[in-house]
Amino acid sequence: MRVPSRKTAVLAGCCAVVLVILMACAAWLLAAGPRGAEPSPSAAAPAANGPVSPSADAGDHDVAVEASPPTRLVIEAAEISVPILPLLPSEEALADQAIVPPMTEDGYWLATYGQPGEGSSNTTYLTGHSWDGREAPFNRLSTHSSVGDAITLETEAGSLKYVVDSITTHDKDTLKDSDIWQIIPNRLVIISCYTEDLWGKNVIVTASPVS
């Protein structure tokens with residue numbers, strides 16, 4: 001895993017997060033087709049087979065959220081609520097096997113990996129910068145996140161709930177060899193710079209969907 005030179009990063013005012021692209025996982029993942037809405041009972045239209053029982057009411061069932069691009073990350077315990085934007089690697093990034101998110105306080109979804117939701121076929125990766133010398137949302141991944149925290153991930157298809165399984169740090173130079181790159185459908189991995197060692201380590205939050 002590569003990081004910008006100290007001179008470049010200082011001029012930019014933050015520690016850049018660099019994620020190594022695993023070429024074997026770089027194929028586009030397509031979300032499953034949209035599921036049609038369940039019909040709701042109507043007083044004006046008689047049921048074909050007699051009255052509808054309460055258990056058949058669509059409101060009594062959870063409607064699955066199909067896999068689709070994420071749009072916002074919320075971790076209330078860490079006071080994080082940030083928009084999530086898709087991040088596609090440039091030809092140069094692919095050639096270097098690395099990605100550097102834009103220098104903003106937004107979060108970014110690695111769009112060449114998994115989409116969150118039902119039908120997901122890969123891990124969902126989010127990333128964002130931790131800033132040096134100033135407050136920023138992703139700084140709090142290092143300082144305010146805890147195992148068991150609830151995560152809400154808004155997507156184009158609806159809202160998904162996750163719970164934090166682990167919070168670890170990893171050397172930037174060897175992150176590409178970490179087991180976080182294992183394919184686990186609908187697992188959520190969030191990566192930023194570790195605030196206590198912005199130049200040398202990343203903080204990695206992993207979370208599982210709540211059934």
Side-chain angles (χ1 to χ4, degrees), residues 1-5 8-9 11-34 65-75 80-131 136-138 141 151-160 162 170 172-193 198 202-207 209:
M1 175 176 180
R2 281 176 229 154
V3 295
S5 68
T8 301
L11 290 175
C14 74
C15 169
V17 179
V18 181
L19 301 177
V20 175
I21 294 291
L22 299 186
M23 301 306 294
C25 298
W28 276 102
L29 297 175
L30 300 178
V65 176
E66 300 290 349
S68 63
T71 58
R72 178 169 289 274
L73 171 69
V74 178
I75 309 176
I80 293 175
S81 179
V82 294
I84 299 296
L85 307 176
L87 181 61
L88 292 172
S90 64
E91 291 184 4
E92 292 79 10
L94 286 173
D96 290 340
Q97 293 186 321
I99 293 179
V100 180
M103 301 294 184
T104 75
E105 292 190 5
D106 300 314
Y108 290 88
W109 162 57
L110 299 190
T112 47
Y113 291 85
Q115 297 183 5
E118 184 173 296
S120 171
S121 58
N122 202 340
T123 302
T124 299
Y125 295 95
L126 306 181
T127 184
H129 289 289
S130 292
W131 294 80
F138 281 90
L141 282 178
I151 294 177
T152 300
L153 191 59
E154 301 291 341
T155 76
E156 291 182 1
S159 179
L160 297 167
Y162 293 80
H170 208 292
K172 293 176 183 288
D173 292 339
T174 56
L175 184 62
K176 65 182 180 181
D177 301 319
S178 169
D179 60 6
I180 67 169
W181 302 109
Q182 294 178 359
I183 295 176
I184 300 179
N186 212 24
R187 177 174 68 165
L188 178 63
V189 174
I190 310 169
I191 306 173
S192 187
C193 289
L198 289 170
N202 286 122
V203 59
I204 299 106
V205 174
T206 64

Under 3.5 Å: donor-acceptor pair, side chain of S192, backbone of G128: yes
Side-chain (W131) to main-chain (F138) donor-acceptor, under 3.5 angstrom: no
Spacing of NE2 belonging to H170 relative to CG belonging to D177, to within rounding of 0.5 Å: 7.5 Å
Side-chain heavy-atom pair I183, S121 within 4.5 angstrom cut-off: no
Short side-chain to backbone donor-acceptor contact, T71 and E154, under 3.5 Å: yes
Y113 and W181 aromatic ring geometry - parallel, tilted or perpendicular at 30°/60° bounds: tilted
Shortest non-hydrogen contact between A157 and S68, atoms and distance: N-OG, 3.1 Å
H129 (side chain) donor-acceptor with C193 (main chain) under 3.5 angstrom: no
Audit row: I190, I151, side chain to side chain contact (heavy atoms under 4.5 Å, CB included) steps and yes/no: CA-CA 11 Å; I190 310 169; I151 294 177; 4.1 Å; yes
pair I204-S178: side-chain heavy atoms closer than 4.5 Å: no
T104: side chain to side chain donor-acceptor pair (under 3.5 Å) partners, not counting sequence neighbours: D106, Y108
Under 3.5 Å: donor-acceptor pair, side chain of N186, backbone of G117: yes
Closest approach of S81 to R72 (non-hydrogen atoms, all atoms of both residues): OG-NH1, 3.0 Å
Minimal non-hydrogen separation, N202 against K172, with atom names: ND2-NZ, 3.2 Å
Closest heavy-atom pair and its distance - L87, P102: CD1-CD, 3.9 Å
Full working for side chain to side chain contact (heavy atoms under 4.5 Å, CB included) between V189 and I184: CA-CA 10 Å; V189 174; I184 300 179; over 6 Å; no
T127 side-chain N/O to I191 backbone N/O, donor-acceptor pair under 3.5 Å: yes
For T124 against P116, the heavy-atom pair lying closest together: OG1-N, 3.4 Å
Any donor-acceptor pair under 3.5 Å from Y125 side chain to I180 backbone: yes
Pairwise side-chain contact, L153 with L126, heavy-atom cut-off 4.5 Å (strictly under): yes
S130 vs L198 side-chain heavy atoms within contact, under 4.5 Å: yes
Any side-chain heavy-atom pair of T152 and S159 under 4.5 Å: yes
